[in-house]
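None of the values given here were measured: they were computed from a predicted structure.
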Amino acid sequence: MKVVDEETLYEIALTMIKKCVTRVAPDVLYLLKKAYENEKSPIARKILETMISNSHVAQRKAIPLCQSPGYPVIYVKMGAVKIDANIQRTFQRAIIEATNKGLLRPSMVHPITRRNPGDNSGVGIPEVEVELVPEMDYSELVISFKGCGAELPNAVRVFTPAEVGKEGIGLKKFIIETVAEADGIPCPPMGIGVGIGGQMHTAAKLSRKAIGTRLWTDTNPDVELAKLEEELLHWINLLGIGPAGLGGDTTALTVKVEMAYTHTAICPVAVNFHCWAVRRATTRLLHDGSIVFVEDKYAKRTV
């Protein structure tokens, strides 16, 4: 079995952080441009134009995309390539290095005392989620820095079966009302992650994973969930909240839904907002020893 050691992982982590905090993820930038072309409101078009320009400047000059560093989560799919390192400690070292170089504002604090160590270190930073995928002949890392202003209107509710309603009407109503109440707080146009099922913590984790790891341009392989994502996006954009909350056709760029089976007595649902400043990078560790920084088909179109 191929093994990646700690120093190799550290260099990978540093490269991923530098890459993703200085640009909007290419798939999301593609959606911003598409929204700009389709937007009817002059004010909304101007705001979208400014967002696109901001991303281009950040990428060209290799400077931070946003004043907020975002909250880092590392998603690991552990396949045939073993990582012989403490993943959290190694990525924390890389985050500290990136912060010292001015790529990230030091924003992580003690939750109660609010003490700021000054380098984005601290207990639980970054969060690491590991999934064992023994049938995969490589291993994969995704880092997601998610802005925390968008966290404020996040919501979770545990439904009874009766409250779920016919064809999930109760769940849909909850999700759309949550977006309406959030208004401009999550820095729209936003992405919305929805987690359904498991227990409360399962739904919350699914909602974060859905909007933090999937391409915003992808199609859910589950036909029913893909249909639900399209339906929710349609209704959410009819709310008219618009870019920066100032009105327009583009309230959300995407909705991503992930689900798990749950207990017959309950149905937890979590709504997770993501601002337009999407900072995400993916790396694959291949069995032949090579390291691939994964770019999607939109990457060459966005510089």
Side-chain angles (χ1 to χ4, degrees), residues 17-71 102-105 107 144-153 176 179-180 182-193 211-212 214-219 229-230 232-256 272-282 295-303:
I17 293 167
K18 288 177 180 175
K19 181 187 285 286
C20 74
V21 300
T22 55
R23 68 174 187 178
V24 169
D27 52 302
V28 180
L29 188 53
Y30 167 78
L31 292 181
L32 283 171
K33 291 180 175 179
K34 191 175 171 185
Y36 171 77
E37 292 168 1
N38 296 330
E39 179 63 58
K40 298 182 190 69
S41 162
I43 294 175
R45 280 176 63 85
K46 188 63 182 176
I47 293 168
L48 288 167
E49 183 183 21
T50 303
M51 291 170 174
I52 294 164
S53 173
N54 179 70
S55 177
H56 285 162
V57 170
Q59 188 169 354
R60 276 201 309 273
K61 296 188 175 183
I63 57 177
L65 170 69
C66 180
Q67 76 275 13
S68 167
Y71 189 94
L103 290 171
L104 299 168
R105 186 183 70 183
S107 295
S144 164
F145 288 90
K146 183 171 177 292
C148 286
E151 288 283 290
L152 292 169
I176 294 168
V179 176
D183 200 41
I185 294 173
C187 295
M190 49 208 169
I192 297 164
I211 204 60
R214 283 175 56 187
L215 291 178
W216 283 21
T217 50
D218 74 3
T219 300
E229 290 172 355
E230 285 186 15
L232 289 171
L233 182 61
H234 171 74
W235 287 109
I236 287 168
N237 277 328
L238 287 181
L239 294 173
I241 296 169
L246 296 177
D249 305 311
T250 319
T251 296
L253 297 173
T254 194
V255 176
K256 299 299 179 197
N272 198 314
F273 293 92
H274 200 311
C275 64
W276 63 273
V278 176
R279 288 153 289 179
R280 168 190 2 102
T282 302
E295 292 283 17
D296 62 68
K297 63 181 181 181
Y298 303 103
K300 291 182 180 177
R301 305 183 196 175
T302 55
V303 179

Asks: How long is the span from the OG1 atom in Thr22 to the CZ atom in Arg279, to the nearest 0.5 Å?
Replies: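 So the gap between those two atoms works out to 10.5 Å.
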
Asks: Between Pro153 and Gly149, what is the shortest heavy-atom contact and its length?
Replies: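 Minimum heavy-atom contact is CD-O, 3.8 Å.
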
Asks: Roughly how far apart are Leu233 CG and Ile192 CD1, rounded to 0.5 Å?
Replies: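 Answer for the CG-CD1 pair, Leu233 versus Ile192, is 8.0 Å.
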
Asks: Under the criterion side-chain contact (heavy atoms from CB on, under 4.5 Å), which of Val21, Val57, Val24, Val278 is the partner of Leu65?
Replies: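 Running side-chain contact (heavy atoms from CB on, under 4.5 Å) over Val21, Val57, Val24, Val278 with Leu65 returns exactly one hit, Val24.
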
Asks: Could you check whether any side-chain heavy atom of Met190 comes within less than 4.5 Å of a side-chain heavy atom of Val179, counting everything from C-beta outward?
Replies: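 Sidechains of Val179 and Met190: in contact.
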
Asks: Do you know the tightest heavy-atom contact between Pro243 and Leu48?
Replies: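 Smallest heavy-atom distance, with atoms named: CG-CG, 3.9 Å.
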
Asks: Can you give me the closest heavy-atom contact between Glu229 and Arg214, atom names plus distance?
Replies: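 So the two residues come closest at OE2-NH1, 3.1 Å.
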
Asks: Looking at Phe145, does the NZ or CZ of Arg280 lie under 6.0 angstrom from its six-membered ring centre and within 45 degrees of the ring axis?
Replies: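 Output no; distance or angle outside limits.
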
Asks: Determine, step by step, whether Leu246 and Ile47 satisfy the side chain to side chain contact (heavy atoms under 4.5 Å, CB included) criterion, reporting the C-alpha distance in whole Å, the side-chain angles of both residues, the deciding distance to 0.1 Å, and the verdict.
Replies: CA-CA 9 Å; Leu246 296 177; Ile47 293 168; 3.6 Å; yes

Asks: Which atom names give the shortest non-hydrogen contact between Cys148 and Ser68, and what distance separates them?
Replies: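 Nearest pair, atom of Cys148 first, then Ser68: N-OG, 4.4 Å.
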
Asks: For atom CD1 of Ile63, decide whether the heavy atoms of other residues, nucleotides or ligands shown that lie under 6.0 angstrom number more than 12.
Replies: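 Atom CD1 in Ile63 is crowded, with more than 12 foreign heavy atoms closer than 6.0 Å.
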
Asks: For Ser55, which residues count as a side chain to side chain donor-acceptor pair (under 3.5 Å) partner, sequence neighbours excluded?
Replies: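 Testing Ser55 for side chain to side chain donor-acceptor pair (under 3.5 Å), a comparison that skips the adjacent residues, returns none.
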
Asks: How far does CD of Glu295 sit from CG of Asp27, to the nearest 0.5 angstrom?
Replies: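 It is 10.0 Å, given to the nearest 0.5 Å.
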
Asks: What verdict does the salt bridge (Lys or Arg N to Asp or Glu O under 4.0 Å) test give for Glu49 and Lys46, after you've listed the backbone C-alpha separation in whole Å, the side-chain angles of each residue and the deciding distance to 0.1 Å?
Replies: CA-CA 5 Å; Glu49 183 183 21; Lys46 188 63 182 176; 3.5 Å; yes

Asks: Could you measure the distance from the CG atom of Asp249 to the CG atom of Leu238? Nearest 0.5 Å is fine.
Replies: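 Here the interatomic distance stands at 9.0 Å.
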
Asks: So, does Glu39 use its side chain to make a donor-acceptor pair with the main chain of Thr250 at under 3.5 Å?
Replies: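 Side chain of Glu39 to backbone of Thr250, a donor-acceptor pair under 3.5 Å: yes, one is there.
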
Asks: State which residues pass side chain to side chain donor-acceptor pair (under 3.5 Å) with Ser107; sequence neighbours excluded, sorted by chain then number.
Replies: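 For Ser107, the residues satisfying side chain to side chain donor-acceptor pair (under 3.5 Å) (neighbours in sequence not counted) are Arg105.
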
Asks: Are the side chains of Asn272 and Lys146 in touch, meaning some heavy atoms are under 4.5 Å apart?
Replies: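 Yes. Closest side-chain heavy atoms under 4.5 Å.
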
Asks: Return the minimal non-hydrogen interatomic distance between Lys256 and Trp216, and the atom names on each side.
Replies: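 Distance-wise, the nearest heavy atoms are NZ-O, 3.4 Å.
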
Asks: Quick one: does Phe273's side chain get under 4.5 Å of Glu151's, heavy atoms only?
Replies: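 The answer is no; the side chains never approach within 4.5 Å.
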
Asks: Under 3.5 Å, is there a donor-acceptor pair between the side chain of Trp276 and the main chain of Leu29?
Replies: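 Judged by distance alone, no pair lies under 3.5 Å.
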
Asks: Could you tell me whether a side-chain N or O of Asn237 sits under 3.5 Å from a main-chain N or O of Thr251, the two making a donor and an acceptor?
Replies: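 Such a contact is found between Asn237 side chain and Thr251 backbone.
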
Asks: Provide the closest heavy-atom pair for Ala252 versus Ile236 in the form atom of the first, atom of the second, distance.
Replies: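 What the structure gives for the nearest pair is CB-CG2, 3.9 Å.
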
Asks: OG1 of Thr254 to CD of Glu230: how many Å apart, nearest 0.5 Å?
Replies: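 Answer for the OG1-CD pair, Thr254 versus Glu230, is 10.0 Å.
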
Asks: When rounded to the nearest 0.5 angstrom, what distance separates CD1 in Ile185 from SG in Cys275?
Replies: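 Ile185 CD1 to Cys275 SG: 13.5 Å, rounded to 0.5 Å.
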
Asks: Check whether any side-chain heavy atom of Lys34 lies under 4.5 Å from a side-chain heavy atom of Leu253, and answer yes or no.
Replies: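 No. Closest side-chain heavy atoms not under 4.5 Å.
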
